[in-house]
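So you know, we letter chains A, B, ... as the sequences are listed, proteins then strands, and number each from 1. Hydrogens, waters and symmetry mates play no part in the numbers below; they use all other heavy atoms, side chains included.
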2 protein chains.
Amino acid sequence: MRPTIKDVAKKAKVSTATVSRIVNKLDGYSDETRERVLSTISALGYRRNAVARGLVRRSVNTVGVLLQGIETRAHLLGHSVIVCNTSSDGERTIEYLDVLGERRVDGILFTSERVKPAYARAFKELAIPVVLVSSFSRDYPLPYVKVDDEAAARDMTRYLIDKGHRRIALITGSEKDSIAGAPRIRGFRRAMKEAGLPVPEGWVVQGDFHYKSGYRAMGELLERARGMTAVFATSDEMALGALSCSFSAGLRVPADLSVVGYDDTLDAEMAIPPLTTVHQPIREMGERATAILLGSEEERRSVILPHAIVERGSVKEVVR
Amino acid sequence: MRPTIKDVAKKAKVSTATVSRIVNKLDGYSDETRERVLSTISALGYRRNAVARGLVRRSVNTVGVLLQGIETRAHLLGHSVIVCNTSSDGERTIEYLDVLGERRVDGILFTSERVKPAYARAFKELAIPVVLVSSFSRDYPLPYVKVDDEAAARDMTRYLIDKGHRRIALITGSEKDSIAGAPRIRGFRRAMKEAGLPVPEGWVVQGDFHYKSGYRAMGELLERARGMTAVFATSDEMALGALSCSFSAGLRVPADLSVVGYDDTLDAEMAIPPLTTVHQPIREMGERATAILLGSEEERRSVILPHAIVERGSVKEVVR
DNA sequence: CTGAAAGCGCTTACAG
DNA sequence: CTGAAAGCGCTTACAG
């Protein structure tokens with residue numbers, strides 16, 4: 001059982017009223033009492049229950065937002081969804097984990113970021129089920145739902161090879177990113193190797209999944225990758241950057257160069273030309289993840305969902 | 001005061017236990033009791049308090065989602081945010097309003113959709129403050145934060161005129177849409193009129209703000225708008241559609257045709273060419289709206305935020 | 001089929 | 001500076 005304010009009060013030999021005052025930073029206690037209560041709190045790992053507090057205060061510190069067209073992954077049937085926008089450097093992640101814990105949510109969908117030790121610790125303390133969406137952890141046995149990134153990258157590379165391409169460059173995330181980086185690089189290299197194709201030095205350029213990095217990476221490739229006929233960017237945004245850069249350089253896609261992406265976001269469809277890309281079943285991922293979260297203990301198993309290649313207009317068939 | 005389960009019990013002359021059973025659809029009551037309680041409930045306008053329920057049940061029917069890169073407008077400092085993804089036909093809106101009410105959120109940010117009478121009624125019953133974001137209502141005195149759509153559309157049209165364009169077409173939302181439709185059409189027509197420029201029959205084409213409709217609209221314009229040198233689409237997505245369609249038709253933007261949008265989404269920046277568009281201060285709108293929601297009664301005033309035109313690469317200066 | 005009562009985990013006058 | 005006690009609005013054994 002999670003410790004309550006009563007447990008703290010008993011252990012610190014004060015009343016719950018005093019604990020409450022201290023926790024809420026009101027006044028009416030000696031420094032000495034404060035110290036004692038505070039250390040009891042951290043010893044016990046006590047965390048305020050925002051639900052009980054909300055009942056008394058008649059305010060739950062939450063605003064509802066009704067809007068159209070938010071990303072599908074934020075929409076999960078049945079339950080309410082509290083969205084926390086973490087920054088990419090993970091700065092606010094722990095903080096948010098705390099509020100989710102205080103509010104006693106039934107489960108947490110964790111996405112995109114690597115599970116750092118501090119997060120794993122927080123998950124354990126919170127005692128709230130977690131599932132990783134479109135992610136996974138080598139270090140902690142957390143259930144996940146994702147696509148097989150290596151297989152997907154391999155398939156896309158093979159697709160390009162089947163279309164007659166032999167000189168293919170890769171724009172990728174970091175090799176150190178064990179989720180969306182390394183596996184996709186592996187898949188690419190593997191397909192090339194299996195086809196007996198070389199990957200010249202400098203033809204694998206690192207970006208950060210965003211537009212600008214794709215643009216920049218394409219600039220580098222244009223300088224050094226002589227003879228390249230296709231570029232595989234491991235995110236749609238980077239592929240769009242590659243598209244823009246190619247366009248600026250006077251290249252026509254796919255006539256002069258083929259470009260493919262990864263994700264199948266709305267942007268892929270709106271690109272000029274429409275982007276051939278790896279489709280991730282985002283909506284289903286969300287649904288399956290929720291099912292895992294809310295299901296029984298035995299149902300709490302990871303799942304790998306099938307990916308697909310959606311063909312649009314950014315690849316040219318090259319005849320040799 | 002909102003009625004509680006006690007009020008219902010007293011009025012229906014049963015215990016709260018019985019009311020609870022009925023509300024939760026358990027068994028253990030006669031049909032007669034059920035009818036009586038149910039009608040008392042609707043007479044009183046009773047709605048279950050999900051906070052109290054969550055305290056007892058130790059489950060709040062909420063899952064937290066931690067993710068990176070969700071739309072800024074869903075991120076509001078301090079408070080937790082529950083996101084409800086309404087469909088564009090407003091199908092689930094009332095339903096969601098209900099759960100937000102049950103969960104006793106401190107306020108509701110309502111966006112995009114017109115305030116229908118049923119919503120206005122729900123707002124009143126819920127007794128939860130509401131603010132309209134990037135929207136407003138002629139019929140109900142709800143506070144809003146938005147940009148002046150008519151002025152923005154007029155400014156963008158003038159911008160085009162200043163660049164030497166005289167034959168300008170408009171791709172717009174519905175004339176009946178009093179939020180994002182009519183005002184922008186008015187702004188456009190007004191600027192044209194002030195400059196003594198004609199708007200030929202058929203040069204104003206209706207879309208639905210999405211990509212495909214922009215593509216289709218552009219197709220129509222290409223057929224009938226002879227001599228057109230610029231197109232103003234009142235959403236970035238429609239502008240992207242116009243871009244794609246122009247590209248397919250072999251037109252170069254901006255060399256052969258200038259295209260501008262409205263919104264300044266991420267897509268505008270990634271377009272080929274980068275799109276000149278009307279910027280709405282989305283982030284600030286969210287912050288101001290929250291401030292209105294959480295502020296005191298006097299602070300509950302509407303605000304109109306300044307728009308801006310961000311110049312990128314989709315407009316050509318035409319010399320006459 | 002129904003109710004009295006305890007309890008969920010807090011906060012908040014009130015009294016000292 | 002501190003505590004006893006009531007209360008927030010429900011649910012849930014338990015007893016009848």
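- Note: CG (A/D31) to P (D/dC1) measures 8 Å, nearest angstrom.
- Residue order along DNA chain C, read from the 5' end via each residue's closest nucleotide, puts A/K6 first among A/V19 and A/K6.
- Between the side chains of A/N24 and A/R53, at least one donor N or O sits under 3.5 Å from an acceptor N or O.
- With respect to A/L100, the side chain to side chain contact (heavy atoms under 4.5 Å, CB included) criterion is satisfied by exactly one of A/I108, A/L126, A/I128: A/I108.
- Considering only the side chain of B/T33, C/dT2 comes nearest among C/dT2, C/dG9, C/dC10.
- Residue A/R2 is classed as having no contact, given no heavy-atom separation below 4.0 Å to the nucleic acid.
- Defined by atom type and a distance below 3.5 Å, a donor-acceptor pair is missing between the side-chain atoms of A/Q280 and A/D264.
- One can place CG of B/L55 at 9 Å from C1' of D/dC8, the figure rounded to the nearest angstrom.
- For B/R48 and B/E102, the salt-bridge test passes: some basic side-chain N is under 4.0 Å from an acidic carboxylate O.
- Between the NZ atom of A/K13 and the P atom of D/dG3 there is a distance of 12 Å, given to the nearest Å.
- Secondary-structure annotation of DNA chain D gives the stems C:1-3 with D:14-16, C:5-12 with D:5-12, C:14-16 with D:1-3, with a stem taken as at least 3 successive Watson-Crick or G-U pairs whose two distances both fall under 3.5 Å.
- Side-chain nitrogen and oxygen atoms of B/S15 include at least one within less than 4.0 Å of the OP1 or OP2 phosphate oxygen of C/dG3.
- Taking the six-membered ring wherever Trp is involved, the centroid distance between the rings of B/Y119 and B/Y140 does not fall below 6.0 Å.
- Relative to the side chain of B/R48, the nucleotides D/dC10, C/dG9, C/dT2 differ in distance, and D/dC10 lies closest.
- Rounding to whole angstrom units, CD1 of residue B/I22 and P of C/dC1 are separated by 11 Å.
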Quick one: which protein N/O atoms are closer than 3.5 Å to N/O atoms of nucleotides 12-15 of chain D? Pair and distance per line, please.
{"unit_1": "D/dT12", "atom_1": "OP1", "unit_2": "B/R57", "atom_2": "NE", "d": "2.9"}
{"unit_1": "D/dA13", "atom_1": "N6", "unit_2": "B/R21", "atom_2": "NH2", "d": "3.4"}

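- Checked by atom type, the side-chain pair B/T265/B/D236 shows a donor-acceptor distance below 3.5 Å.
- For A/R47 and A/D98, the salt-bridge test passes: some basic side-chain N is under 4.0 Å from an acidic carboxylate O.
- In this structure, CD of A/E102 is placed 15 Å from P of C/dG9, rounded to the nearest angstrom.
- Dashed line: the shortest gap from a side-chain N or O of B/R53 to OP1 or OP2 of D/dT11 is under 4.0 Å.
- A donor-acceptor pair under 3.5 Å is absent between the side-chain atoms of A/Y46 and the main chain of A/A43, judged by distance alone.
- Using a 4.0 Å heavy-atom criterion, one finds that A/V14 contacts the sugar-phosphate atoms exclusively.
- Within the 4.0 angstrom heavy-atom criterion, no nucleotide atom of any strand lies near B/R34.
- Note: CZ (A/R58) to P (D/dC8) measures 6 Å, nearest angstrom.
- Residues passing the side chain to side chain donor-acceptor pair (under 3.5 Å) test with B/D27: none are found, sequence neighbours excluded.
- Atom CD1 in A/I41 sits roughly 13 Å away from atom C1' in C/dC10 (whole-Å rounding).
- Counting to the nearest Å, the P atom of D/dG9 and the CG atom of B/L44 are 14 Å from each other.
- With respect to B/V115, the side chain to side chain contact (heavy atoms under 4.5 Å, CB included) criterion is satisfied by exactly one of B/L142, B/I179, B/V130: B/L142.
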